[in-house]
Amino acid sequence: MTAALEVKGLSSGYTQVAVVEDVAFSVEPGRYLGIVGSNGAGKSALMQAIAGLLPSLRGTIELAGIDITRHMPWRRWSEGLVLVPEARELWPDLTVEDHIRGGVVNAKGLAAREALDLAYELFPILTDLRSRAAGQLSGGQQQTLAIARAAVSRPKVLLLDEPSLGLSPIAVEQLVESLGTMRELDSMAVVIAEQSLTVVRETCERVLVLSLGKQVELGAANVVLTREAIEAAFL
Amino acid sequence: MDLGSALGSGLVNGFALVLVALGFTIVYRATGVVNFANGSQMVLGGYVAWEFGTVIGLPIPLAIVIAVVVGGLSGYVINRFAMRPLQSASLLSQVIVLLAITEVSSTAFLQAFGPEAQAMAPYASRSPLIPSLGWSGMDIVLIVVACILVVALTITLRRSKEGLRMRMVASNRTGAVVAGVNPARTSAIAWSVGGCLAALSGALIFPTFLLVPALGQQYTFDSFAAVVLGGFGSFPGAVIGGLLTGVLQALVAGQFGGSYAPFVSLAVMLVVLLVKPAGLLGKSA
């Protein structure tokens, strides 16, 4: 089976200096991969590089077998690679409904009505908030909205950068539940970059460990998350 | 000039300003850039309509369409070759470049069309159809066109996908990018539409007023004052600001003489920035 996302020897950085070096992994359709590491490990840089917001210095990124390494971010989006950034990047003065419509504004063959129905089905919490401006939502609600905006376009690969950052324990539980619900979207692969191991443990089958921009471990979650690699990455 | 005529003349000028202010607002909302070259685009529209309609002798409606297309192209060119390279530059740098474009345009108009005031051929009756306000057929055409465009643009920006893209880019550019929007394309569309509106305004108003090269600066400040008064980024604000500025200018001109009218824009900006910096309907200054 062709991998939904395959990253080969990827190095990326803010200038010519690599922040992330020689990372390689693949994710099958419908699978969840966690990327863990401490602050400064390069998780966000890796996610931004895959989404096209940071230049790739070396290596390749393939989406469903197609090389997208040199594609602009909006082209990657239309090809089915969607990022939920760490900062969420919502539109503070636009309503929840506008966000869902905006999530499919460039999607071919996907009507806004379908997207709204899907969003409220996957994330019922948004139903009563549909007319509220994003800037007035709580942190947890904003994160749910950011994920919903990305998921409604039914991407091949969804990248979630630190989705639990700044959330209360209850909001993290709801996030885990939402990520579970998204498995209903057949064949969507999800890559979750997280500092919190709880979310990764609950949702991901495989885990990649990053430390100081380098890949130190990649394997099954139940194996990797008990190894010394985790300690090495976080301590 | 009696009060009715002053009010009527002010409203006509105000509706012309509304068109420019709407273009100004579209560019600002989609890109965050304050278009200090829009007065020049308005004068450009006037000269193109004059050249094709009055000098070459094409039918006036066709000359107006050509003016609108050239205005749209001017917006595209300003965006592509002046604003896009300055995307990461400070607001001050962008404003300086746009003011420079206004100055260069004035000189270019002077070289191309001469210093004489040009009278454009009318596109409708010049005789008053509503005597109490002094409105001619041309004035009524301008007002009707402006009203139709205000409604059409408001609906388009509220309901269309392109309108949503513009609101997304204006609210958070990175957010728009991660939702698959190419902000450069959205900016190009906004600048082109802004240029079309400014040129249309010029093509419609200059048969009423005489056309001279230096009017670009005056209309730039008039439309800026209208947007400041109405509130930056607000479409209803652009309409109210345009009309109020036009009427105030006509009333001052009627009371104290035409040479005082240009000071109205400066006075409006001064008072609004001191008393209500966000403008009448704006959220932020």
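Lettering of chains follows the sequences in order, A, B, ..., and the numbering in each one begins at 1.
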Okay, A:Pro92 and chain B: the region with an atom under 4.5 Å from a heavy atom over there is both

Under 4.5 Å to a heavy atom of chain B? For A:Leu90 that would be backbone

Looking only at A:Leu81, A:Leu53, A:Asp98, the option with the highest number of non-hydrogen pairs under 4.5 Å against chain B is A:Asp98

Does atom [atom1] ([X]) have a neighbourhood of more than 12 heavy atoms from anything else shown, all under 6.0 Å?
{"X": "A:Tyr120", "atom1": "OH", "value": "yes"}
{"X": "B:Arg167", "atom1": "CZ", "value": "yes"}
{"X": "A:Arg154", "atom1": "CZ", "value": "no"}

Kindly compute the distance separating [atom1] ([X]) from [atom2] ([Y]), expressed to the nearest 0.5 Å.
{"X": "B:Asn182", "Y": "A:Trp74", "atom1": "CG", "atom2": "CH2", "answer": "4.0 Å"}
{"X": "B:Ser171", "Y": "A:Leu94", "atom1": "OG", "atom2": "CG", "answer": "5.5 Å"}
{"X": "B:Leu164", "Y": "A:Arg101", "atom1": "CG", "atom2": "CZ", "answer": "8.5 Å"}
{"X": "A:Arg149", "Y": "B:Met168", "atom1": "CZ", "atom2": "CE", "answer": "7.0 Å"}
{"X": "B:Thr174", "Y": "A:Gln48", "atom1": "OG1", "atom2": "CD", "answer": "9.0 Å"}

Under the 3.5 angstrom rule, does the side chain of B:Arg165 hit a backbone N or O of A:Val105 as a donor-acceptor pair?
yes

Donor-acceptor pair, distance only, cut-off 3.5 Å: does the side chain of B:Asn172 make one with the backbone of A:Trp91?
no

Side chain to side chain contact (heavy atoms under 4.5 Å, CB included) with A:Pro73: of B:Val177, B:Val181, B:Val178, only one passes, and it is B:Val177

